[in-house]
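One is the number of the first residue; the rest follow in order along the sequence. Atoms within each ligand, like the ligands themselves, are counted from 1 in listed order.
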Amino acid sequence: MNIAIYPGSFDPVTYGHLDIILRGSKVFDQVIVAVLHNSSKNPLFTVEERTQLLSVVTKEIENVSIESFQGLLAEYARVKKAKAIIKGLRAISDFEYEMQMASINRKLNNEVETFFMMTNHKFSYLSSSIVKDVARHGGSVEGLVPDIIEQELRAKFADPRGSTQQGG
Ligand code: COA
């Protein structure tokens, strides 16, 4: 069984991430979307909210599961017996950093290979921060994130303690 891990902050998940998840699910037997417990970023959504939202928006893709992790990705991949790490490349500016990450991950776990997928050009400018910024200032994020994420962003910025809806 070829297990791949798609790691990230997903704060929140966007259509750019979903595009990679969907395409990755057609290549690998199982894709584990792994939400990082960030220590360096100051996330808007809690890990529980991020994993729950990811579960909702990927519920129709059978071979995708959502988990969270902390610590080293290479170690997490070893525990999960994953052979691959999936990363999306949006622009040439992503390349240098991603090459560094792929190299260190390979050094830490030589059984894991990083696979890069070109992000759909429609989403090449997208990041979770950009989406949050637009939403924070009352702009429309339609077409950038699924409807449920749009609603959750609106709730967060209307009330900073805004809670994540349960279920679909
Ligand atoms: N579509 C839309 N946005 C995308 C995207 C895509 N296809 N691919 C990346 N992005 C966005 C992300 O949303 C993120 O936006 P943000 O910075 O506004 O939050 C940004 O691009 C950077 O993405 P990425 O490089 O994947 O960073 P991340 O914070 O989401 O995830 C980890 C980083 C989890 C992969 C990395 O920190 C990690 O592996 N950490 C574990 C510790 C470790 O092992 N470190 C390495 C050895 S020291």
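Scanning the protein for heavy atoms near atom 23 (O) of ligand 1, the closest one is R90 NH2, 4.8 Å. Counting protein heavy atoms only, atom 6 (C) of ligand 1 is closest to G16 C, 3.8 Å. The nearest protein atom to atom 18 (O) of ligand 1, hydrogens excluded, is given as S129 OG, 2.3 Å; this is a heavy-atom distance. If you check which protein heavy atom lies closest to atom 45 (N) of ligand 1, you get M101 CE, 4.0 Å. Scanning the protein heavy atoms around atom 15 (O) of ligand 1, the nearest turns out to be S128 N, 3.5 Å. Residue, atom and distance of the protein heavy atom nearest to atom 48 (S) of ligand 1 are L72 CD2, 4.3 Å. From the protein, the heavy atom lying nearest to atom 12 (C) of ligand 1 is H17 NE2, 3.6 Å. For atom 30 (O) of ligand 1, the nearest protein heavy atom (residue, atom name, distance) is S9 N, 2.9 Å.
Residue Y6 holds its OH atom at 5.0 Å from CD1 of I20, rounded to the nearest 0.5 Å. With rounding to the nearest 0.5 Å, the separation of CG in L53 from CD1 in I148 is 5.5 Å.
Side-chain contact check for E67 and T51: no donor-acceptor pair (N or O, by modelled atom type) lies under 3.5 Å. Checked by atom type, the side-chain pair N120/R90 shows no donor-acceptor distance below 3.5 Å.
Aromatic pair F28/F115: centroids less than 6.0 angstrom apart. F69 has its ring centre no less than 6.0 Å from the ring centre of H37.
Listed by first and then second residue, the side chain to side chain donor-acceptor pair (under 3.5 Å) pairs that reach into residues 136-149 are D133-R136, sequence neighbours excluded. Listed by first and then second residue, the ring-ring contact (aromatic ring centres under 6.0 Å, His included) pairs involving residues 89-112 amount to none (not counting sequence neighbours).
Proximity of K87 to ligand 1 is established by a heavy-atom distance of less than 4.0 Å. Residue G71 places a heavy atom less than 4.0 Å from ligand 1. Note on ligand 1: E98 sits in its first shell, one or more heavy atoms being nearer than 4.0 Å. Contact between L126 and ligand 1 is present, with at least one heavy atom of the residue lying under 4.0 Å from the ligand.
Remark: K156 engages E49 in a salt bridge, criterion side-chain N to carboxylate O under 4.0 Å. Salt bridge present: E150 and R154 bring a charged side-chain N and a carboxylate O closer than 4.0 Å. Between D11 and K132 a salt bridge is recorded (basic side-chain N to carboxylate O distance below 4.0 Å). Under the 4.0 Å criterion applied to side-chain N and carboxylate O atoms, K83 and E111 are not assigned as salt-bridge partners.
In T14, the part holding a heavy atom less than 4.0 Å from any atom of ligand 1 is the side chain. Residue T119 touches ligand 1 through its side chain alone, judged by heavy-atom distances below 4.0 Å.
Distances from atom 32 (C) of ligand 1 to the protein include no heavy-atom value under 4.0 Å.
The shortest N or O to N or O distance between L73 and ligand 1 is under 3.5 Å. Taking distance alone, with nitrogen or oxygen atoms compared against 3.5 Å, K41 approaches ligand 1 more closely than that limit. Between N38 and ligand 1, no N or O atom pair is found at a separation short of 3.5 Å. Residue I130 places no N or O, backbone or side chain, under 3.5 Å from any N or O of ligand 1.
Listed by number with element, the atoms of ligand 1 under 4.0 angstrom from any heavy atom of G8 are 30 (O), 31 (O), 34 (C). In summary, the atoms of ligand 1 found under 4.0 Å from a heavy atom of S127, numbered by their order in the structure, are 3 (N), 15 (O), 18 (O). Heavy-atom contacts of I20 reach the following atoms of ligand 1: 7 (N) (cutoff under 4.0 Å).
Taking 4.5 Å as the limit, some side-chain heavy atom of T14 sits within range of a side-chain heavy atom of S128.
The closest heavy-atom contact to atom 34 (C) of ligand 1, among the options L36, I5, L44, comes from L36.
Annotation for Q30 and S65: closest pair NE2-OG, 3.2 Å, computed over non-hydrogen atoms.
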